Number of protein chains: 2
Amino acid sequence: MTEPERSGCPINLTLEVVGDKWSLLVIRDMMFGNRRHFRELLTKSDEGISSNILADRLKRLLEQGIITREDDPSHKQKGIYSLTEQGIELLPILAQMSAWGYKYLPVTEELGIRARLLSEGGPKMWAEFMDELREAHVGVKRRKKTGPSVGERLQAAYQKVMAKKASNRI
Amino acid sequence: MTEPERSGCPINLTLEVVGDKWSLLVIRDMMFGNRRHFRELLTKSDEGISSNILADRLKRLLEQGIITREDDPSHKQKGIYSLTEQGIELLPILAQMSAWGYKYLPVTEELGIRARLLSEGGPKMWAEFMDELREAHVGVKRRKKTGPSVGERLQAAYQKVMAKKASNRI
DNA sequence: TACAACCAGTTGCAATTTGCAAGCAGTCTG
DNA sequence: CAGACTGCTTGCAAATTGCAACTGGTTGTA
């Protein structure tokens, strides 16, 4: 069950936990896409993860303490997945990956806009977003709430680009 | 040759380039361990990469423009691998992974010390280290050189912990 | 109360990727 | 000229991935 670690290097250990092609995408969707149910993660992902892989990754992330699962009171079969503090703190890794990909890889416009805002916002914006995630996932109330949240701002920017694209296509 | 991308999301694209269990470890060894030759990367890595995997990863990193390869003038068969600017800018991702692993995973003392220093040093220290890497890999001279370099400081801290461990074992 | 749609997964199987060990041709060293 | 060293390559078994179909249950609707 517990496979032996290759080394005690922090980078290696992190890679052993989230160093595959899907785990961080699942976490990304939970963070930026508000996906909390199995079906949402399965069908609303841009990359099209298959159900067995998703089930396996969720199980591993659960075992690692990166997410939790609880029953949805509104539906007996639904489970709600939440990020733990440990999971929320993966955000800086995702933010850095996002910035690097935005700079060097062929990112589409609509998916790049979030990367740009997040990069321009810097660690301060990340911290604010992590506070919002703590509120949504761990139930920790945050203090100051002035203006739209980071999540809302990212979403609004994405919608705006999508709307522009749609109008161009007509 | 060019496999189709799953999506134009920057995080996904980054994961398609370095989102496997070995690529970032190779880059880590080039950055923090001064490994520049095939054999060095093969034998001096804590995790024990096998030669076919290493050859494949180096090839892919070359194709992606993250590293370059040139002949070693001192030995006709030796190649020297260098990080490109694009490769050097992976450092913040490694630094964040290092910090996360240090915080949440069972990191050994001697391998954790670098993580701690790098985390405490923050983005400013990362930028300084990246400048040192630019000098060593891309040949860009850096300006101010006051005191020991970040690379030297990390190495010295590591040696110190190792020395302590050795003396304890006697 | 029947029925379709939806829920979280599981199962079977083929294709790909990984990991180990051995091997290889050329190069340098004593 | 022998032996060690160079950057890889090859063969093969084991593990992982990905697709598609399927399961057993729940929920909303007529």
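All values below were derived from every heavy atom in this structure, side-chain atoms included, with hydrogens, water molecules and symmetry-related copies excluded. Lettering of chains follows the sequences in order, A, B, ..., and the numbering in each one begins at 1. Note that the coordinates shown come from a computational prediction; the quantities given were computed from them, not determined experimentally.
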When clusters are formed by joining ILVMFWY residues with side-chain heavy atoms under 4.5 Å apart, either directly or through shared neighbours, do L117(B) and F129(B) land in the same one? yes
Do I53(B) and L25(B) sit in one hydrophobic cluster, given that two such residues count as connected whenever their side-chain heavy atoms are within less than 4.5 Å of each other, even indirectly? yes
Where do [X] and [Y] come nearest, in terms of heavy atoms and distance?
X	Y	answer
E132(B)	G151(B)	OE1-N, 3.0 Å
M31(A)	G87(A)	CE-O, 3.2 Å
L91(A)	W126(A)	CD2-O, 3.4 Å

Starting from the 5' end of DNA chain D, give me the residue, R39(A) or I49(A), whose nearest nucleotide shows up first. I49(A)
On DNA chain D, nearest-nucleotide positions of G48(A) versus L58(B): which is more 5'? L58(B)
Which angle, to the nearest 10 degrees, lies between the helix axes at the two ends of the helix from dT1(C)-dA30(D) to dG30(C)-dC1(D), each defined by five pairs? 20°
Both conditions, 6.0 Å and 45 degrees, for the charged tip of R116(A) above the ring of Y102(A): are they met here? no
Six-ring centre of Y81(B), R69(B) cation under 6.0 angstrom, axis tolerance 45°: yes
Within this structure, what is the OG1-CD distance for the pair T68(A) and Q86(A), rounded to the nearest 0.5 Å? 11.5 Å
For the atom pair CH2 (W22(B)) and CD1 (I49(B)), what is the distance rounded to the nearest 0.5 Å? 5.0 Å
Validation row: N12(B), R28(A) side chains within 4.5 angstrom (heavy atoms): yes
Of E40(A) and Q77(B), the one whose nearest nucleotide on DNA chain C sits closer to the 5' end is E40(A)
Earliest and latest nucleotide of DNA chain D, 5' to 3', sitting under 4.0 Å from a non-hydrogen atom of chain B? dT6(D) to dG11(D)
Can you give me the first and the last nucleotide of DNA chain C (5' to 3') that has an atom within less than 4.0 angstrom of a non-hydrogen atom in chain A? dC7(C) to dG12(C)
